Amino acid sequence: MNMLIVDRILLLAYRNLVAAIDRIFLIWQIAFPVVYIFVAGYAYSAMIGDQGISLGSLTVSYTSFLTAGMIGFNVMNGSTVAGAIIWNDKRNGMFQQLLVMPFSKAQYIISNLITIILIGLASAAAIMIIGLPTMYEDVKITLWGIPYTVYALVIGSIFFGSFTIILSTKIKSSEGYNVISNGLFLFFAFVSTAFYPAQGLPWPLSVAFYINPLTYIVDISRAGIFSQIDMFTNIQVLVITLLAAVVFMIATKSMVRMKV
Amino acid sequence: MSKFQNEYCISVSNLKKQYSRNSSYVVNNITFNVKNGTVFGFLGPNGAGKTTTLKILTTILNPSSGSVYIFGKDLFKNQLEIKRRIGVVTQNPSYEANLTTERALDLYGMLWGIRDKKMRKGKVNEVLRTFELESIRNSKNDELSIGQRRRVQVAREFMHEMDLLFLDEPTVGLDPSARRQLLDYIKVHVKSGLTVFFTTHIMEEAEYLCNEIAIIDKGKIIAFDTPTGLKQKYGGGAKTIELTFKDTLDEFFMNLLKATINKKNSNKDSGNNRSKSYIDVNGKHTITITVNNVEEIISEILQIVSRHGLQIESIAINPPSLEEVFLSIVNDDNRNGE
């Protein structure tokens, strides 16, 4: 990619961070998972008792399991920013304005994804630091594991960012966008391995878990955090990469076709 | 091609646009050239095709057919290169809601590639001063009035260097003083080589600013000339009589006046010379009559006034304004289309 194009994309990403994102959202982005970790984590732990959750060769506490899951879950949550940027830019006339400047729709969409990747990584790091006391006994940070976690966060941002971009280009009202995205994200969040393991589930639910892309993102990032990478993790990497590529292409097409 | 490069900033040829295969053409085979360093007025009634044309020229829309050359280069093959040299003030408001005026201008400068922070700050201060925005420097865009927001939107465009500026009804929402200030500022920039493509509904502005004017209606250009040329060509010798009365005008008088003028004109029409006449009532005391045959009609008007016992406060006979010419052209086009 030409340096000038990279420069344009980074400028737009900077603009998104400075101008297009609501600060309250950024606070919520961290506060929401932290509440889950410290409230749901300890409350469910009290209910479950001392029995741990097995992850490959390791058995971890529920709070560790949940904190690691929240890092992946957080990526999905943060990706709503991509759709919100488009909605705000359309409402405030900035979408058209940027397109009459030396920027293309492709640069605009990539800059949105970079923005949510940055938000995803920064908030994941913050959650990791805040949640460390809940999982420090189980965490196994290795040079082999970190890239898996980072990759899961990046590819997850691309998948869910592209997904919300498609929604924002197809749905005509912001109310409709909010209702549909909240409904879908509720499914993604609770029919995934973010909050509980898939082992031992009734088979229809287990199938539902594995048609949910969030499960793959959470599993990969968790495998990285606890250094439990196996063949299944690599298959999950492959599946989510292909899915993200397809959704990204659809999002780009939707944006190009979108009327200004 | 050399002619384009030397003389014309924009060259549009046989441009057509339809939104779907079965719909009618919103822009229907228009051709025009805009000279370098001039202000080109693009006027027309609502829905005439002005904004669609502007969207094509600013790369937001693709045309159905036709060619557009800007700075001598094919717009559709050199979009990015051309976009680097143009500025656009869109008809719809555009603003960064969460930022203060100062921060929004600074960010805009940055997006346009002014990397040096000091240089950007200097430019921001210059723009704030020129457009008298210093008092709202620290106000967020969300908190501004519509007029203030519009001023920021127009001012923002002067954060960067450009050779061509598209202004789509830039003075909507501005008070008269801000409006005049903007037009004068544009004039200064045009003198130093800027070309401006200007759409407006306010004919006084077009007359004040534009070197050449194209009038578009139903997707077609129906008139093209300098403001003076348009008046000469389409005013057709018409003049405006502005009568102000001391007394309040009544309906009976108005009907009598209209009937007399129409009768006079219909007699003339039979002689194969179509006459134009318009009567506008401005408040309770003033009427404006636009006619071709002022000399013949004025005595008749004065007789009716005298018979009716009305007292005239003032009377003025003027050449037609651009607004009257515009109405005449568009109305004629509508009559021809029927």
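Every value quoted in this text rests on a predicted model; they were computed, and no experiment measured them. Order of the sequence lines sets the chain letters (A, B, ...), proteins ahead of strands, with each chain counted from 1. Basis for what follows: all heavy atoms, side chains included, without hydrogens, waters or symmetry-related copies.
Considering all non-hydrogen atoms of both residues, B/Ser94 and A/Gly93 come closest at CB-O, 3.2 Å. The nearest pair of heavy atoms linking B/Thr58 to A/Val100 is O-CG1, 3.7 Å.
Chosen from B/Asn92, B/Ile82, B/Thr90, the residue pairing most often with chain A at heavy-atom distances under 4.5 Å is B/Thr90. Heavy-atom pairs under 4.5 Å with chain A peak, among B/Leu80, B/Asn98, B/Ile60, B/Thr59, at B/Ile60.
For A/Gln96, the parts sitting under 4.5 Å from any heavy atom of chain B are the backbone and the side chain alike. Of the two parts of A/Arg8, only the side chain, counted from C-beta on, holds a non-hydrogen atom closer than 4.5 Å to a non-hydrogen atom of chain B. Residue A/Phe95 does not touch chain B at all, counting heavy-atom pairs closer than 4.5 Å. Neither the backbone nor the side chain of B/Gln91 comes within contact range of chain A, judged by heavy atoms closer than 4.5 Å. Looking at B/Leu99, the atoms closer than 4.5 Å to chain A (heavy atoms on both sides) all sit in the side chain, from C-beta outward.
Two residues are said to be in side-chain contact when any heavy atoms from C-beta on lie closer than 4.5 Å; B/Leu107 and A/Tyr14 meet this criterion. The shortest side-chain heavy-atom distance between A/Gln97 and B/Tyr108 falls under the 4.5 Å cut-off.
In this structure a side-chain-to-backbone donor-acceptor pair under 3.5 Å is present from B/Lys83 to A/Met101. In this structure a side-chain-to-backbone donor-acceptor pair under 3.5 Å is missing from A/Asn92 to B/Glu96.
Atom CG of A/Leu99 sits about 10.0 Å away from atom CD of B/Gln79, to the nearest 0.5 Å.
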